[in-house]
4 protein chains.
Amino acid sequence: MIDFLPDKPIYQQIMEKIFGDLLKGNVKPGDRLPSVREYALEFGVNANTMQRVYKELELLHLTETKRGQGTFVTEDMQRLEELREEMKQTLVTTFLNQMESFGFTEEEIIVQLSSRKRGELN
Amino acid sequence: MIDFLPDKPIYQQIMEKIFGDLLKGNVKPGDRLPSVREYALEFGVNANTMQRVYKELELLHLTETKRGQGTFVTEDMQRLEELREEMKQTLVTTFLNQMESFGFTEEEIIVQLSSRKRGELN
Amino acid sequence: MIDFLPDKPIYQQIMEKIFGDLLKGNVKPGDRLPSVREYALEFGVNANTMQRVYKELELLHLTETKRGQGTFVTEDMQRLEELREEMKQTLVTTFLNQMESFGFTEEEIIVQLSSRKRGELN
Amino acid sequence: MIDFLPDKPIYQQIMEKIFGDLLKGNVKPGDRLPSVREYALEFGVNANTMQRVYKELELLHLTETKRGQGTFVTEDMQRLEELREEMKQTLVTTFLNQMESFGFTEEEIIVQLSSRKRGELN
DNA sequence: GTGGTCTAGACCACG
DNA sequence: GTGGTCTAGACCACT
């Protein structure tokens with residue numbers, strides 16, 4: 001299939017996975033995340049790459065670093081909810097824009113969505 | 001907002017534009033496309049960049065090159081329809097997978113889509 | 001399939017066709033060939049392109065031009081035989097070199113040739 | 001001799017060399033290939049030219065690129081075998097078609113092949 | 001250091 | 001005038 005959507009950088013993919021875990025509640029506010037080194041091993045990536053993931057998460061205020069203790073999920077539920085909402089809007093808007101830019105009608109979109117919803121989401 | 005969607009390379013953006021024109025029927029099968037140099041001027045990019053666009057389009061069998069004569073839109077309507085269908089499916093599937101990976105429920109998706117559909121698609 | 005063998009220029013394809021006609025005896029020594037314009041029409045190519053074909057054929061001493069009368073196939077049978085022999089050797093040598101450069105064994109070549117020889121030659 | 005076989009572009013020649021190395025087993029699946037810049041030096045070509053080579057190899061699924069890490073030979077042995085087989089068939093078929101188009105008989109082909117096989121393959 | 005993108009400009013083959 | 005190849009060199013993103 002056409003790859004108009006290029007591979008995403010590894011650090012983003014990992015970020016998205018962690019972000020997803022948060023949004024899905026797999027990880028709770030206040031939880032301590034694995035250390036950079038642990039995660040680096042788990043994902044099989046370079047420690048530098050994992051560093052960057054944590055750095056970006058912190059910039060989003062999704063995590064907080066406590067010196068010598070590790071990295072923790074923010075307890076700021078409001079922030080989480082905000083990001084979740086932003087994310088939802090962005091994804092939906094981007095999707096609709098793309099569909100429109102390729103000339104798909106609203107009806108086609110609905111039909112295709114309906115037919116997929118019942119299939120595997122993978 | 002989070003930039004999970006990084007800037008795409010110029011040549012891809014142009015490709016998508018032309019692809020969209022095709023799918024939307026703005027450009028007809030058999031039509032001669034502007035020359036590499038003409039398009040390069042129009043889009044304000046280097047001729048090499050434009051050349052790459054045409055090369056990629058040719059790999060997708062969307063265009064055909066006739067030596068010294070120019071680049072033409074494929075007359076293979078079936079191929080076009082195929083790509084259009086593939087594209088639709090890919091975009092929808094990718095969208096739903098993303099939504100799911102961030103833990104959005106089916107209902108949320110529907111609500112968000114409905115509220116956007118009536119707004120500007122941009 | 002992989003196209004390591006890029007499209008040949010039109011004038012070469014036409015040259016080869018005429019050359020093949022000569023070698024196969026479809027055209028006899030001394031025969032008058034169609035005019036540039038006639039051929040250009042027949043092949044649907046630009047007259048310039050056809051001009052080039054004739055020019056190249058003349059360089060190979062396969063044809064002779066008589067002013068105001070047209071282009072004629074050489075009567076020099078020896079020259080024809082020479083070219084035929086050269087051609088055979090070149091094609092075979094090139095073929096074997098290519099096969100070897102891709103690491104095909106002599107046995108594989110023989111097997112593949114045998115299996116093809118009995119099939120359609122196109 | 002007649003040059004029906006024009007110079008191939010540099011990037012294709014390099015591609016074929018690497019492809020040959022793969023088919024001959026000089027390079028093993030999973031091996032890391034020299035970096036774009038290293039190869040560019042070795043072959044005395046521009047880095048962009050080498051980049052193109054790698055890109056085309058990737059399109060054939062012969063190599064895989066890992067960001068920031070380098071280019072690796074595919075571990076997909078089946079894909080390799082497929083390409084090898086395709087290549088063999090294409091070369092043989094093309095050869096036989098050419099011979100036929102120039103009016104060489106089956107017997108002539110066999111004789112010429114036999115006489116060459118014992119000589120240097122170059 | 002790795003690959004990827006882009007520019008600028010030259011040169012060629014082809015029609 | 002058309003597309004195709006190649007070079008030289010800059011800059012970026014990623015690991």
Side-chain angles (χ1 to χ4, degrees), chain A residues 6-15 40 43-53 55-56, chain B residues 3 6-15 32-40 43-58 63-72, chain C residues 6-15 36 40 43-53 56, chain D residues 3 6-15 32-40 43-58 63-72:
Chain A
D7 285 347
K8 289 177 196 164
I10 292 175
Y11 80 87
Q12 273 192 15
Q13 295 175 32
I14 297 178
M15 267 181 77
F43 289 129
V45 300
N46 189 296
N48 289 335
T49 304
M50 208 48 225
Q51 272 288 19
R52 172 149 190 192
V53 171
K55 189 180 133 204
E56 304 261 351
Chain B
D3 188 6
D7 283 348
K8 289 177 196 164
I10 293 175
Y11 78 87
Q12 274 192 14
Q13 296 175 34
I14 298 178
M15 262 181 80
R32 183 177 176 285
L33 293 175
S35 78
V36 167
R37 290 160 173 91
E38 282 167 349
Y39 249 157
F43 288 129
V45 300
N46 186 286
N48 287 334
T49 303
M50 207 47 227
Q51 189 119 354
R52 168 140 194 203
V53 172
Y54 272 13
K55 203 196 154 194
E56 304 263 349
L57 288 173
E58 199 167 3
T63 59
E64 289 165 12
T65 291
K66 297 184 189 166
R67 321 157 197 275
Q69 298 187 37
T71 300
F72 298 80
Chain C
D7 285 348
K8 289 178 195 162
I10 292 175
Y11 79 87
Q12 273 192 16
Q13 295 174 36
I14 297 177
M15 267 181 77
V36 165
F43 289 128
V45 300
N46 188 297
N48 289 334
T49 304
M50 209 47 225
Q51 271 288 19
R52 173 151 189 192
V53 172
E56 304 261 351
Chain D
D3 190 5
D7 283 349
K8 291 175 196 165
I10 293 177
Y11 78 86
Q12 274 192 14
Q13 295 174 35
I14 297 179
M15 260 182 81
R32 183 178 176 285
L33 292 175
S35 79
V36 167
R37 291 161 174 92
E38 281 168 351
Y39 249 157
F43 289 129
V45 300
N46 186 284
N48 287 335
T49 303
M50 205 48 225
Q51 189 119 351
R52 167 141 194 203
V53 171
Y54 272 14
K55 203 198 155 194
E56 303 263 350
L57 288 173
E58 199 167 2
T63 59
E64 289 165 12
T65 291
K66 296 184 189 167
R67 319 157 201 276
Q69 298 186 37
T71 300
F72 299 80

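Below, read A as the first sequence line, B as the second, and so on, with proteins coming before strands; counting in each chain starts at 1. Predicted model, so just to flag it, every value in this text is computed and none were measured.
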Without decimals, in angstroms, what is the distance between [X] [atom1] and [N] [atom2]?
X: B/Ile10; N: E/dT7; atom1: CD1; atom2: C1'; result: 10 Å
X: B/Lys55; N: E/dT5; atom1: NZ; atom2: C1'; result: 15 Å
X: B/Met15; N: E/dC6; atom1: CE; atom2: C1'; result: 17 Å
X: A/Gln13; N: F/dA13; atom1: CD; atom2: C1'; result: 14 Å
X: B/Met50; N: F/dT2; atom1: CE; atom2: C1'; result: 14 Å
X: B/Tyr39; N: E/dC6; atom1: OH; atom2: P; result: 17 Å
X: B/Gln12; N: E/dT5; atom1: CD; atom2: P; result: 7 Å
X: B/Glu56; N: F/dG3; atom1: CD; atom2: P; result: 17 Å

What are the two closest non-hydrogen atoms of [X] and [Y], and how far apart are they?
X: B/Ala40; Y: B/Ala47; value: CB-CA, 3.8 Å
X: D/Gln69; Y: D/Arg32; value: O-NE, 3.1 Å
X: B/Glu58; Y: B/Thr65; value: OE1-OG1, 3.2 Å
X: A/Val53; Y: A/Tyr11; value: CG2-O, 3.5 Å
X: B/Glu38; Y: B/Ser35; value: OE1-N, 2.9 Å

N or O in side chain of D/Thr71 less than 4.0 angstrom from E/dG3 OP1/OP2: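 So the side-chain polar atoms of D/Thr71 do come within 4.0 Å of the phosphate oxygens OP1 or OP2 of E/dG3, strictly under.
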
side-chain N/O D/Gln51 vs E/dG3 OP1/OP2, d < 4.0 Å: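 So the side chain of D/Gln51 is outside the cut-off, no N or O lying under 4.0 Å from OP1 or OP2 of E/dG3.
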
Sugar-phosphate, base or nothing in reach of D/Arg52, heavy atoms under 4.0 Å: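 Sugar-phosphate: the residue D/Arg52, judged by heavy atoms under 4.0 Å, touches backbone atoms but no base.
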
Sugar-phosphate only, base, or nothing, as touched by B/Asn48 at under 4.0 Å among non-hydrogen atoms: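 The residue B/Asn48 makes base contact.
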
DNA chain E base-pair string [pairs: Watson-Crick or G-U under 3.5 Å; |: paired with another strand]: ||||||||||||||.

Closest nucleotide among [options] to the [X] side chain:
X: B/Tyr11; options: E/dG4, F/dC14, E/dC6; result: E/dC6
X: B/Tyr54; options: F/dT15, E/dT7, F/dG3; result: F/dG3
X: B/Thr65; options: F/dG4, F/dC11, F/dC6; result: F/dG4
X: D/Asn46; options: F/dT7, E/dC14, E/dC6; result: F/dT7

Non-neighbouring partners of B/Gln13 that pass side-chain contact (heavy atoms from CB on, under 4.5 Å), sequence neighbours left out: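 Listed in chain order: B/Lys8.
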
Ring pair (Phe, Tyr, Trp, His ring centres under 6.0 Å) involving C/Phe43 - partner list, sequence neighbours excluded: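 Counting only residues at least two positions away or on another chain, C/Phe43 forms a ring pair (Phe, Tyr, Trp, His ring centres under 6.0 Å) with C/Tyr39.
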
No-H, no-angle donor-acceptor pair, B/Arg37 side chain to F/dG3 base, under 3.5 Å: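 Under the 3.5 Å cut-off, the side chain and the base do form a donor-acceptor pair.
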
Nearest-nucleotide 5' precedence on DNA chain F, B/Lys66 against D/Gly44: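 Going by which nucleotide is closer to the 5' end, it is B/Lys66.
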
Under 3.5 Å: donor-acceptor pair, side chain of D/Gln12, backbone of D/Pro9: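 Between the backbone of D/Pro9 and the side chain of D/Gln12 there is no qualifying donor-acceptor contact (under 3.5 Å).
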
Upstream residue (5' side of DNA chain E) when C/Thr49 and D/Val36 are each assigned their closest nucleotide: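 It is D/Val36, whose closest nucleotide lies nearer the 5' terminus.
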
